[in-house]
Amino acid sequence: MRKKLFRTARFLAVSGVLISFMSCNSGTNKSQDAESAIDLQMKQKIVEDVKMVMISLPSPVETAMLLKRAGATYNEALLNPISNAKKYNTDKQKALNLGVYGANLSYASIFEQDAIVMQYMNVSKKLAIGLDLLTAIDQSIVDRLEANHDDRDSVVRIISETFLNSNSTLKEDNRPETAALILAGGWIEGLYLATSLADSVGQKSMITRIVEQKLSFNELIQLLETYSDNKDVADILESISPVKAAFDNVEIKKEKVEVVTDVETKKTDFKSVQKINISQAQYDELKSAALELRNSIIQ
Amino acid sequence: MKKVWSIIGVVTTFIFLSTVSYGQCRSFAKNECRPDLEPFVHDGIYNATELSEGESAELYKTFYSNQEYRIAICGDANLPTIKFQIMDADRNILFTNQDKDFARIWDFKLEASQQLIISIEVQTDDERISDTFARGCVAVLIGFKTD
């Protein structure tokens with residue numbers, strides 16, 4: 001009964017939105033009844049379909065972890081120099097490069113580069129303040145990072161907390177476009193770092209992880225398109241088109257998933273096989289597109 | 001007539017509750033839900049929203065092969081149980097917590113990377129006497145193993 005009542009209430013509450021779906025009066029009573037029934041079904045279907053959609057990109061920490069496991073090495077020369085931070089004056093530059101520095105911070109933390117982690121946390125803090133994200137990286141976080149610098153797991157958790165603080169604050173402050181730009185900056189830097197660390201398609205583990213970014217790239221596009229009315233977001237959407245073209249040439253095939261669940265341990269395995277097709281020329285195109293895009297952000 | 005007033009009351013309550021901003025989801029996700037991921041590390045991404053009974057939401061995320069993940073679904077204490085399903089990109093249902101006592105926390109591992117859709121739905125509480133609908137924060141947090 002409650003469920004029925006709820007559905008009725010929800011139906012009526014959104015009926016204003018659905019007014020355009022109402023049909024004109026015509027024909028006999030019988031046909032009117034039939035039309036009403038169809039209308040009702042249609043409206044109820046639409047009401048049921050109104051649901052919140054969330055898009056979750058891989059965080060820079062997760063990407064850095066995956067790359068290390070795939071055989072990536074640490075190369076400090078690849079990081080965006082902290083001296084560049086003073087050049088970032090617009091909100092767009094600050095947001096994208098907060099994402100870039102976040103990815104650098106994550107990469108350094110996974111490879112236990114304590115001093116670099118502190119430097120990049122401090123520069124991230126400055127950009128966060130510039131974006132009115134005062135609570136995202138406060139002094140207590142910097143202090144905790146200093147106190148736990150020799151414990152990689154704690155460092156990773158603290159960095160993860162700063163990401164949570166910044167994207168949750170922005171969403172609750174009704175600034176999801178800025179959150180999307182930060183995530184985009186981090187994602188692009190992750191792709192740049194990965195492609196910079198692999199030259200040949202013969203480096204199978206690394207290449208697999210890089211090609212798999214095509215999956216989350218589609219989510220990045222989806223996320224940015226949600227806010228494409230915003231000029232800064234629209235600009236980035238245009239800038240990433242060469243990366244899209246490069247990914248479009250790459251093929252990922254997967255077979256049907258077999259699900260194995262262990263109720264005792266509350267764990268499920270999704271078993272399936274995937275096949276990746278990429279030529280050296282296609283990889284070179286992707287690598288070049290990633291480099292160009294990333295350099296356009298940090299300049 | 002009594003029924004009409006009842007429905008009007010319900011609609012008014014629904015509209016009112018829909019416009020009230022709770023603004024508490026952030027601290028709820030951080031303080032109430034994130035600890036459920038231990039010993040996994042939270043990926044740092046904030047996925048939380050306000051939902052009423054009967055409402056649903058979907059999360060799209062790429063999960064990577066040979067990486068162990070934990071999903072924690074948390075709802076405000078006043079909300080009924082939350083059903084969650086995991087679907088592949090073609091919306092084939094791979095997992096549901098409905099036949100697992102509506103478990104809020106579950107671990108996963110994939111042999112091949114793929115985009116998954118996590119669908120959550122706040123169940124309706126048929127036993128409640130009141131005509132108002134519970135509404136509150138629902139968070140979907142994802143953690144991964146670091147070792």
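Within every chain, numbering begins at 1; the chains are lettered A, B, ... in the order of the sequence lines, protein sequences first and strands thereafter.
- In this structure, chain A has no heavy atom under 4.5 Å from any part of B:F63.
- Remark: A:R157 engages B:E38 in a salt bridge, criterion side-chain N to carboxylate O under 4.0 Å.
- For the atom pair NZ of A:K256 and CG of B:N92, the computed distance is 7.0 Å after rounding to the nearest 0.5 Å.
- Interface residue B:Q114: backbone and side-chain heavy atoms are both found under 4.5 Å from chain A.
- Distance check, rounded to the nearest 0.5 Å: CG of B:D43 to CE of A:M65 gives 12.0 Å.
- The environment of NZ in A:K244 is sparse: at most 12 heavy-atom neighbours from other residues, nucleotides or ligands sit within 6.0 Å.
- Side-chain contact of A:E219 with B:T62: a donor-acceptor pair under 3.5 Å is present, judged by distance alone.
- Between chain B and the options A:A179, A:S168, A:S216, heavy-atom pairs under 4.5 Å are most frequent for A:S168.
- With a 4.5 Å cut-off on non-hydrogen atoms, B:Y64 touches chain A through its backbone and its side chain both.
- Contacts of B:S65 with chain A are made by both backbone and side-chain atoms, with heavy-atom separations under 4.5 Å.
- Going from atom CE of A:M52 over to atom OG1 of B:T49 covers 4.0 Å, rounded to the nearest 0.5 Å.
- Using a 4.5 Å heavy-atom cutoff, the side chains of A:F270 and B:I86 are in contact.
- Only the side chain of A:V259 comes within less than 4.5 Å of a heavy atom of chain B; its backbone N, CA, C and O stay farther away.
- Counting only heavy atoms from C-beta outward, the side chains of A:D153 and B:V41 approach each other to under 4.5 Å.
- Atom NZ of A:K266 has 12 or fewer neighbouring heavy atoms from other residues, nucleotides or ligands inside a 6.0 Å radius.
- Heavy atoms of other residues, nucleotides or ligands lying less than 6.0 angstrom from CG of B:N31 number more than 12.
- Between chain B and the residues A:I110, A:N218, A:T169, A:L164, the most heavy-atom pairs under 4.5 angstrom are made by A:L164.
- Considering CD1 of B:I45 and OG of A:S56, their distance stands at 5.0 Å, rounded to 0.5 Å.
- Using a 4.5 Å cut-off on side-chain heavy atoms (C-beta onward), A:E161 and B:R34 make contact.
- A:L66 touches chain B through its side chain: at least one heavy atom from C-beta onward sits under 4.5 Å away, while N, CA, C and O do not.
- Under the 3.5 Å distance criterion, the side-chain polar atoms of A:S160 are matched with a main-chain donor or acceptor of B:H42.
- Most heavy-atom pairs under 4.5 Å with chain B: of the set A:K68, A:R69, A:Q213, A:E255, this distinction falls to A:R69.
- Counting heavy atoms from C-beta outward, A:L170 and B:Y46 have side chains that stay 4.5 Å or more apart.
- A:N165 and B:K30 share a donor-acceptor pair across their side chains, judged by distance under 3.5 Å alone.
- Expressed to the nearest 0.5 Å, how far OG1 of B:T146 lies from CZ of A:R152 amounts to 5.5 Å.
- Looking at A:K271, the atoms closer than 4.5 Å to chain B (heavy atoms on both sides) sit in the backbone and in the side chain alike.
- Neither the backbone nor the side chain of B:A29 has a heavy atom closer than 4.5 Å to any heavy atom of chain A.
- Judged by distance alone, the side chain of A:D269 and the main-chain N or O of B:L110 form no donor-acceptor pair under 3.5 Å.
- In this structure, chain A has no heavy atom under 4.5 Å from any part of B:L141.
- Among the candidates B:E58, B:E68, B:Q67, the residue making the largest number of heavy-atom pairs closer than 4.5 Å to chain A is B:E58.
- When all heavy atoms of A:M54 and B:A48 are compared, the pair lying nearest together is SD-N, 3.8 Å.
- Residue contact with chain B, scored on non-hydrogen atoms closer than 4.5 Å, involves the side chain of A:Q222 exclusively.
- Here the shortest heavy-atom pairing between A:D262 and B:W106 reads O-CZ2, 4.1 Å.
- A:L183 touches chain B through its side chain: at least one heavy atom from C-beta onward sits under 4.5 Å away, while N, CA, C and O do not.
- Within a 6.0 Å radius of CG in A:D150, other residues, nucleotides and ligands contribute more than 12 heavy atoms.
- With chain B as the partner, the residue from A:N167, A:T208, A:V61 showing the most heavy-atom pairs under 4.5 Å is A:N167.
- Side-chain atoms of A:L215 and B:S113, non-hydrogen and from C-beta on, do get closer than 4.5 Å to each other.
- In this structure, the side chain of A:E172 engages the main chain of B:R26 through a donor-acceptor pair within 3.5 Å.
- Interatomic distance, CD of B:E111 versus CD of A:Q274, reported as 10.5 Å (0.5 Å rounding).
- Using a 4.5 Å cut-off between heavy atoms, B:F95 contacts chain A through its side chain alone, with no backbone atom that close.
- With a 4.5 angstrom heavy-atom cutoff, B:L116 touches chain A only via side-chain atoms.
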